Amino acid sequence: MSFSLELTEEQEALRSKAHAFARDVIRPAAPEYDRAQELPWPVIEAAAQEGLYEWQLYAGLSADPTGLSLAVVMEELFWGCAGIGLSIVMPALALAAIRQAATDEQLVRWAPECFGTPGDLRLAALAVTEPSGGSDVRSIQTRARKDGGDWVIDGQKVFIGNGGIADVHVVVATVDPEAGHRGQGVFIVPKGTRGLTMLRKLDKLGCRASHTGEIVFEDCRVPAAHLLGGEERLTARIAKGREAERGSPPPLAVSEEGGTAAAVQRRSSAALGAFERTRPMVAAQAIGIARAALEFARDYAVSREAFGQPIIENQGVAFPLADLAADIDAARLLTWRAAWMAAQRKPFEHAEGSMSKLKASEVAVRACEQAVQTLGGWGYIKDFPVEKWYRDAKLYTIFEGTSEIQRLVIGRALRAEANTEPLDQRMERPR
Ligand SMILES: Cc1cc2nc3c(=O)[nH]c(=O)nc-3n(C[C@H](O)[C@H](O)[C@H](O)COP(=O)(O)OP(=O)(O)OC[C@H]3O[C@@H](n4cnc5c(N)ncnc54)[C@H](O)[C@@H]3O)c2cc1C
């Protein structure tokens, strides 16, 4: 299917529905949950009633061959509030990891558990990051070992959305450290499993309406069937990984996909595959925040007067907003391209996924900072939402691969594409 910027009628309807929900339900609730740093259960319940919190929706959107449906829904929900947005879509991130790793039977078994139903809501978490580091996904210290008919997990995870309170924890653990990333397995650890404990809920700068926890696994035992993809597939991957590790050049110690042949092979990695699928989704969330900030700053600049005229009449106010308008659209184009490529299963040969995440997250931070500046003193006060959006936006340059890691990936793609023919042989020399 060729890439098109034109949304279908169905996609437009979905966008309108998500926008109305963000405007009427999410935005009014946002200040309270930001202050309280509590999970917005009534909003999640309302989302479930509206069909915006159900596995069928996200499974369907992920199967959309244009890739744009999910991007559009993300942008609208996060235009409302990124913290509440995260609480609504966190199970979709876990579901993406399950889809990546699971057999069809496992997908059918666990997808409904990630969301539940109205009146019986469930939560899901994707647990990859550890206290020793999140960027270097290859070095996951959490271990899983087979013991009889069970898997036993030991280790610690930090910064986990819904971590410790989720009904379903999708956990990446190392089974065979000698096999590199292929030695990692993805496990389902349901709530209440003995040995799974929440150490603490983390107190955050922004996105405070989402729960972020630190969790520990101690002798945490799950049945063999909770290894996603099954043991046979993992054993084959481990054998391949061991062989690759023996003869391979030094590993790329990053959690992202580059444009090299090695990167294409790495796509079978448990954690990395999930990140690849979710990156444009996360970029679309950042664009939602950026758009909210720009719209608010624009409207303020038109209505606020100084020196006898609206402040937008000053180029010093209008030009930064003009730059943002162009940059947000550019970031959206990158994001839609990456979303389309992911949906079409086209490899990110030129680090297109990283480009979308990098640009969208950085424009979100800039848009919010500019919105604060445009509002002057009011930008700094909680009467207006821009200071909250500023705090929320910063997360986007950190999670799902920091900006540095995205640049690393893009840089590596550039290096891989470089023409190594000596430059002096390619130059037209003046005679
Ligand atoms: C609110 C929040 C929610 C999160 N949700 C989840 C979640 O649900 N599940 C999950 O698994 N994780 C989650 N994360 C974790 C997040 O993905 C990690 O924080 C992120 O990947 C960075 O890892 P780190 O914090 O360990 O930083 P580190 O990897 O220790 O990096 C520290 C700094 O060094 C830089 N750096 C590291 N290596 C390089 C390099 N090679 N070149 C240049 N710079 C480098 C980084 O860019 C960063 O600036 C969340 C984090 C936060 C803050």
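Only a predicted model underlies this, so the values are computations on that prediction, with no experimental measurement involved. Every number for a ligand or one of its atoms is a count from 1 in the order of the listing.
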- Do any N/O atoms on Thr402 end up under 3.5 angstrom from N/O atoms on ligand 1? yes
Sidechain N-carboxylate O distance under 4.0 Å for Glu75, Arg332: yes
Glu404 heavy atoms within 4.0 Å reach ligand 1 at atoms 43 (C), 44 (N), 46 (C), 47 (O), 49 (O)
### Query
Please walk me through it: do Trp41 and Tyr33 pass side chain to side chain contact (heavy atoms under 4.5 Å, CB included)?
CA-CA 10 Å; Trp41 281 111; Tyr33 288 100; over 6 Å; no
Would Leu126 count as being in polar contact with ligand 1, using the rule that some N or O on each side must be under 3.5 angstrom apart?
yes
message = Ser135 versus ligand 1: do any nitrogen or oxygen atoms come within less than 3.5 Å of each other?
response = yes
Any N or O of Gly134 that comes nearer than 3.5 Å to an N or O of ligand 1?
yes
*asked:* Any atom of ligand 1 sitting under 4.0 Å from a heavy atom of Gly133?
replied: yes
Nearest heavy-atom contact between Ile410 and Leu358 is CD1-CD2, 3.8 Å
Counting from 1 in the order shown, the ligand 1 atoms closer than 4.0 Å to a non-hydrogen atom of Glu400 are 17 (O)
Looking only at distances, please establish whether an N/O atom of ligand 1 is found under 3.5 Å from an N/O atom of Thr212. no
Test: Arg27 cationic atom under 6.0 Å from Trp79 six-membered ring centre, within 45° of axis
yes
* Asked: Taking it one step at a time, do Asp34 and Arg391 satisfy side chain to side chain contact (heavy atoms under 4.5 Å, CB included)?
  -> CA-CA 10 Å; Asp34 176 52; Arg391 289 184 281 110; 2.8 Å; yes
Out of Leu93, Leu395, Thr397, the nearest non-hydrogen contact to atom 52 (C) of ligand 1 is supplied by Leu395
Q | Verdict with supporting geometry, Leu334 and Glu352, side chain to side chain contact (heavy atoms under 4.5 Å, CB included) | A | CA-CA 7 Å; Leu334 287 175; Glu352 290 91 342; over 6 Å; no
Phe115-Trp55 aromatic ring centre distance below 6.0 Å:
no
> N/O of Lys204 under 3.5 Å from N/O of ligand 1, yes or no?
Replying inline: no
Just distances here: any N/O of Leu408 and N/O of ligand 1 closer than 3.5 Å? no
### Polar atom proximity, Val158 to ligand 1 (N or O, under 3.5 Å)
no
Counting from 1 in the order shown, the ligand 1 atoms closer than 4.0 Å to a non-hydrogen atom of Ile160 are 7 (C), 8 (O), 9 (N), 10 (C), 11 (O)
From the list Arg182, Arg242, Arg143, salt bridge (Lys or Arg N to Asp or Glu O under 4.0 Å) partner of Asp176 resolves to Arg242
**Q.** N-O pairing of Glu369 and Lys394 below 4.0 Å
**A.** no
